[in-house]
Amino acid sequence: MTDKNKGQETSKTAILTVAEAAELITAQPKSVTVQEGLPASFTVTAAGDNLTYQWQAKGNDGTWQDVAGATKATLSVSQATKELNGSQYQVVVKSGDKSETSSVVTLTVTDKAVTQFFADVPLNNQFFTEINWMGTSGYSTGWVQADGSRLYMPLDGIHRDAFAAFMYRISGDTGYQAPAVSPFRDITPSTMYYKEMCWLSSKGIATGWPDGTYRPLDNVNRDAMAAFMYRYNGSPAYQAPGSSPFSDVVTSQLFYKEMAWMQSQGLSTGWPDGTYRPVTAIARDAMAAFLYRMENPTK
């Protein structure tokens with residue numbers, strides 16, 4: 001600065017502009033919500049020369065850890081599991097001596113979509129999971145209607161022939177050959193579910209009645225069902241308790257051991273009033289529950 005009279009003069013104001021370094025990431029990755037079992041992916045978009053990527057996952061201790069092999073713009077999860085629900089990720093992008101870390105994204109994993117297999121068993125049915133499992137697993141075909149839908153008829157009693165079919169399908173014993181001569185005098189090779197009923201006999205699961213009949217269209221009672229399931233499971237070593245777990249079953253009763261075994265394995269809890277109701281016919285919905293618990297034990 002200078003003033004002419006005093007030999008000085010003030011210069012024009014100069015402005016120093018500092019350019020901000022260009023950001024590498026031009027589009028941040030976004031959080032993803034996906035159903036269990038389906039794939040998921042996160043993608044970052046960046047601009048720069050010789051870009052490198054390293055995706056990181058947040059550990060339980062709160063630190064970020066490199067995801068092995070995740071060195072591309074997209075992080076892919078081949079199958080989202082419930083264990084991954086809530087997991088968090090970020091990616092470090094580099095170009096030369098520049099480095100930028102993306103925003104944090106979250107993977108949300110929801111339950112699998114459930115498809116109703118039987119038209120008469122809606123999602124709010126008490127035994128929906130068990131009955132739907134019967135259908136989707138191929139253990140029960142139900143009754144096919146003209147429109148292609150299927151009915152399970154959950155409150156109907158289950159006949160002894162259909163029970164044989166259920167047990168045979170669950171066993172997976174596809175190599176069994178039914179005999180030419182029936183082990184029961186009231187069924188023949190042309191009888192529906194003949195093979196399945198013969199299989200029950202061959203495994204010692206069903207002995208039939210003293211008169212040599214099987215009575216395929218009779219309903220299965222809850223006491224006989226316990227015996228069938230006990231034998232199906234190989235008649236495991238089991239000491240029945242000296243005091244009955246059910247108020248309407250005594251220790252001297254036919255199939256007491258088998259009914260007590262059902263209770264001990266969590267297959268049957270009985271009724272809220274403490275009864276088992278041994279000579280009550282089993283409804284098809286309850287049968288599905290018994291078989292589901294047998295194949296998906298919690299004890």
Side-chain angles (χ1 to χ4, degrees), residues 127 130 134 139-140 154-171 173 179 182-187 191-299:
F127 297 117
E130 295 87 343
M134 290 286 289
Y139 302 144
S140 175
L155 299 182
D156 282 5
I158 183 168
H159 292 169
R160 288 168 57 87
D161 57 353
F163 178 81
F166 286 167
M167 300 299 283
Y168 174 75
R169 294 167 188 160
I170 289 175
S171 75
D173 190 6
S182 173
F184 304 107
R185 66 180 182 85
D186 59 342
I187 64 173
T191 303
M192 186 175 184
Y193 301 135
Y194 171 73
K195 178 179 181 179
E196 291 85 345
M197 290 183 281
C198 288
W199 176 83
L200 273 188
S201 174
S202 73
K203 297 297 183 181
I205 298 172
T207 58
W209 298 85
D211 62 1
T213 61
Y214 182 79
R215 306 182 191 181
L217 298 183
D218 281 4
N219 284 333
V220 178
N221 286 348
R222 289 169 59 88
D223 57 354
M225 180 273 301
F228 288 152
M229 294 186 69
Y230 177 76
R231 296 168 190 161
Y232 174 86
N233 283 275
S235 300
Y238 170 70
Q239 182 65 48
S243 179
S244 174
F246 302 110
S247 61
D248 60 342
V249 177
V250 298
T251 59
S252 60
Q253 195 163 333
L254 181 65
F255 303 137
Y256 166 68
K257 177 179 180 178
E258 291 85 345
M259 289 183 282
W261 173 82
M262 289 279 290
Q263 191 273 342
S264 72
Q265 299 300 304
L267 302 180
S268 175
T269 57
W271 299 82
D273 62 3
T275 61
Y276 182 80
R277 306 181 190 180
V279 294
T280 300
I282 305 170
R284 288 170 56 86
D285 59 354
M287 190 69 250
F290 291 139
L291 295 175
Y292 178 85
R293 294 168 192 162
M294 182 181 72
E295 291 298 291
N296 301 273
T298 57
K299 287 192 175 182

query = Can you check whether Tyr194 reaches Pro179 side chain to side chain, under 4.5 Å on heavy atoms?
reply =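 Tyr194 vs Pro179: side chains touch.
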
Report all side-chain donor-acceptor pairs from residues 244-252 shorter than 3.5 Å, counting only partners two or more places apart or in another chain.
from, atom 1, to, atom 2, distance (Å)
Ser244, OG, Phe246, N, 3.1
Ser244, OG, Phe246, O, 2.9
Ser244, OG, Val249, O, 2.6
Ser247, OG, Gly274, O, 3.3
Asp248, OD1, Tyr276, N, 2.7
Asp248, OD2, Tyr276, N, 3.3
Asp248, OD2, Arg277, N, 2.7

ask   = Does the Asp211 side chain pair with the main chain of Thr213, one donor and one acceptor, at a distance under 3.5 Å?
value =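 At least one qualifying donor-acceptor pair exists.
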
task = Please answer whether the main-chain N or O of Ile187 pairs with a side-chain N or O of Ser182 as donor and acceptor at a distance below 3.5 Å.
result =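 Such a contact is found between Ser182 side chain and Ile187 backbone.
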
task = Would you please name every residue forming a ring pair (Phe, Tyr, Trp, His ring centres under 6.0 Å) with Phe255, sequence neighbours left out?
result =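 Ring pair (Phe, Tyr, Trp, His ring centres under 6.0 Å) list for Phe255, sorted by chain: empty.
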
request  = Evaluate side chain to side chain contact (heavy atoms under 4.5 Å, CB included) for Met197 paired with Thr191, printing each intermediate quantity in order.
outcome  = CA-CA 10 Å; Met197 290 183 281; Thr191 303; 4.0 Å; yes

Nearest non-hydrogen partners of [X] and [Y], listed with the distance:
{"X": "Gln253", "Y": "Pro278", "value": "NE2-CG, 3.3 Å"}
{"X": "Ile205", "Y": "Phe228", "value": "O-CD2, 3.1 Å"}
{"X": "Pro241", "Y": "Tyr238", "value": "CD-OH, 3.2 Å"}
{"X": "Ser268", "Y": "Arg222", "value": "OG-NH2, 3.7 Å"}
{"X": "Ala226", "Y": "Met259", "value": "CB-CG, 3.8 Å"}

Could you pull out all donor-acceptor pairs under 3.5 Å where a side-chain atom in residues 283-295 meets a protein atom, sequence neighbours excluded?
from, atom 1, to, atom 2, distance (Å)
Arg284, NE, Tyr152, O, 2.7
Arg284, NH2, Tyr152, O, 3.2
Arg293, NH1, Leu267, O, 2.9

key: Aromatic plane relationship, Phe184 with Tyr214 - under 30° parallel, 30 to 60° tilted, over 60° perpendicular   =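 Tilted.
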
inquiry  = Using the salt bridge (charged side-chain N to carboxylate O under 4.0 Å, His left out) criterion, which residues pair with Asp173? Sequence neighbours excluded.
reply    =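 With sequence neighbours excluded, Asp173 shows a salt bridge (charged side-chain N to carboxylate O under 4.0 Å, His left out) to Lys203, given in chain and number order.
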
inquiry  = If the condition is salt bridge (charged side-chain N to carboxylate O under 4.0 Å, His left out), which residues does Lys195 pass it with, not counting sequence neighbours?
reply    =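 Partners of Lys195 under the salt bridge (charged side-chain N to carboxylate O under 4.0 Å, His left out) test: none.
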
ask   = So how far is it from Trp261 CH2 to Met229 CE, rounded to the nearest 0.5 Å?
value =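 Output value for this atom pair is 6.0 Å.
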
query = When rounded to the nearest 0.5 angstrom, what distance separates CG in Asn219 from CD1 in Ile282?
reply =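 Output value for this atom pair is 9.0 Å.
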
Pairs flagged by side chain to side chain donor-acceptor pair (under 3.5 Å) wherever residues 224-237 is involved - sequence neighbours left out =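 Applying side chain to side chain donor-acceptor pair (under 3.5 Å) to every pair that reaches into residues 224-237, excluding sequence neighbours, yields Tyr230-Lys257.
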
